[in-house]
Amino acid sequence: MAEVHIIGQIIGASGFPQHSLFCKWGVHTGGAWKLLSGVVEGQTQVDNPQNEEMAFWSHPIDIHFATKGLQGWPKLHLQVWHQDSFGRNELYGYGFLHIPSTPGTHSLLTPTWRPLGTWQEQISQMFVGGGPHLKSPSLIYGGADRYRLQTTSMGQVHLELTVIHRNFERYGVEC
């Protein structure tokens with residue numbers, strides 16, 4: 001079977017209204033993909049930069065897949081959270097990206113967004129915190145339903161990923 005190795009890191013995040021951020025992440029693939037090694041979900045540590053605009057995580061990603069075809073190419077979905085001084089966690093944004101299909105090293109910038117909710121939920125969020133969440137994480141990387149949501153843009157997540165292909169020509173898989 002053809003193999004794809006994804007190595008890299010979630011560097012950090014910028015452009016969010018508050019510091020003290022962490023990121024939950026996961027990789028979603030189609031049915032023709034088999035995980036050979038690595039983990040397909042994780043969470044970074046909380047970074048609270050004092051004098052910088054960017055939170056740095058440098059969280060490693062090392063995933064090795066085997067596949068019979070290109071359908072269901074891996075997608076990385078992200079959730080950026082803010083932790084306040086009382087240890088409460090508030091969702092700051094969702095994001096996703098298709099893992100690049102070309103071999104090599106890629107510097108990537110992923111925009112994030114969050115649901116707006118009703119005007120009552122927005123006012124409550126200003127005073128109490130919290131806010132609307134998605135019922136199903138598949139809406140992050142899924143198709144049509146995401147476009148019906150009312151959202152607001154948040155910051156960006158910075159990534160650096162290296163993609164390695166193996167045996168693509170041998171098994172007739174074309175990129």
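Below, all heavy atoms of this structure are taken into account, side chains as well, without hydrogens, waters or symmetry copies. In this chain, residues are counted from 1 in sequence order.
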Colleague: If only atom types and distance count, is the side chain of Ser20 paired as donor or acceptor with the main-chain N or O of Gln83 below 3.5 Å?
Modeller: yes
Colleague: Is any side-chain heavy atom of Met54 closer than 4.5 Å to one of His158?
Modeller: yes
Colleague: Following the transitive rule for hydrophobic clusters with a side-chain heavy-atom cut-off under 4.5 Å over Ile, Leu, Val, Met, Phe, Trp and Tyr, establish whether Val157 and Ile7 coincide in one cluster.
Modeller: no
Colleague: In Å and rounded to the nearest 0.5 Å, what is the NE2 to NZ distance from His64 to Lys34?
Modeller: 11.0 Å
Colleague: Would you say Gln45 has more than 12 foreign heavy atoms packed within less than 6.0 Å of its CD?
Modeller: yes
Colleague: Could you check if a side-chain atom of Trp25 sits within less than 4.5 angstrom of a side-chain atom of His59, using non-hydrogen atoms only?
Modeller: yes
Colleague: Of the non-hydrogen atoms in Met154 and Gly93, which two are nearest, and what is the gap between them?
Modeller: CG-CA, 4.5 Å
Colleague: Which distance, rounded to the nearest 0.5 Å, do you find between the OG of Ser58 and the CD of Glu160?
Modeller: 10.0 Å
Colleague: Do the side chains of Ile61 and Leu35 join up, straight or via other hydrophobic residues, at under 4.5 Å, putting them in one cluster?
Modeller: yes
Colleague: How close do Ala13 and Phe16 get, heavy atom to heavy atom, and via which atoms?
Modeller: CB-CE1, 3.6 Å
Colleague: Measuring from Lys75:NZ to Ile99:CD1, what's the distance to the nearest 0.5 Å?
Modeller: 11.5 Å
Colleague: Just how far is it from atom NZ of Lys24 to atom CG of Leu78, taken to the nearest 0.5 Å?
Modeller: 13.0 Å
Colleague: Side-chain contact, heavy-atom cut-off 4.5 Å: Leu70 with Ser101?
Modeller: no
Colleague: Are Tyr92 and Arg114 packed together at the side-chain level, in the sense that at least one heavy-atom pair is separated by less than 4.5 angstrom?
Modeller: yes
Colleague: Nearest 0.5 Å please: distance from the CD1 atom of Ile11 over to the CG atom of Leu159.
Modeller: 7.0 Å
Colleague: Is a side-chain N or O of Trp73 found less than 3.5 angstrom from the main chain of Gly30, in a donor-acceptor match?
Modeller: no
Colleague: Donor-acceptor pair, Trp81 side chain versus Val46 backbone, under 3.5 Å?
Modeller: no
Colleague: Which heavy atom of His19 sits nearest a heavy atom of Glu52, and at what distance?
Modeller: CE1-O, 2.9 Å
Colleague: Does the plane of the ring in His98 sit parallel, tilted or perpendicular to the ring in Phe96? Use 30° and 60° as the thresholds.
Modeller: perpendicular
Colleague: Does Asp47 use its side chain to pair, donor to acceptor, with the backbone of Phe56 at less than 3.5 Å?
Modeller: yes
Colleague: Donor-acceptor check, side chain of Gln50 to backbone of Asn48, threshold 3.5 angstrom: yes or no?
Modeller: yes
Colleague: Pick from Val163, Ile63, Asp62, Leu36: which one makes a side-chain contact (heavy atoms from CB on, under 4.5 Å) with His5?
Modeller: Asp62
Colleague: Where the side chain of Thr112 meets the backbone of Gly155, is there a donor-acceptor pair that is under 3.5 Å apart?
Modeller: yes
Colleague: Can you tell me how far CZ of Phe22 sits from CD of Gln43, rounded to the nearest 0.5 angstrom?
Modeller: 5.0 Å
Colleague: Search all heavy atoms of Val27 against all heavy atoms of Pro74 and return the closest pair with its distance.
Modeller: CG1-CB, 3.9 Å
Colleague: Is the closest side-chain heavy-atom distance between Glu53 and Ser14 below 4.5 Å?
Modeller: no
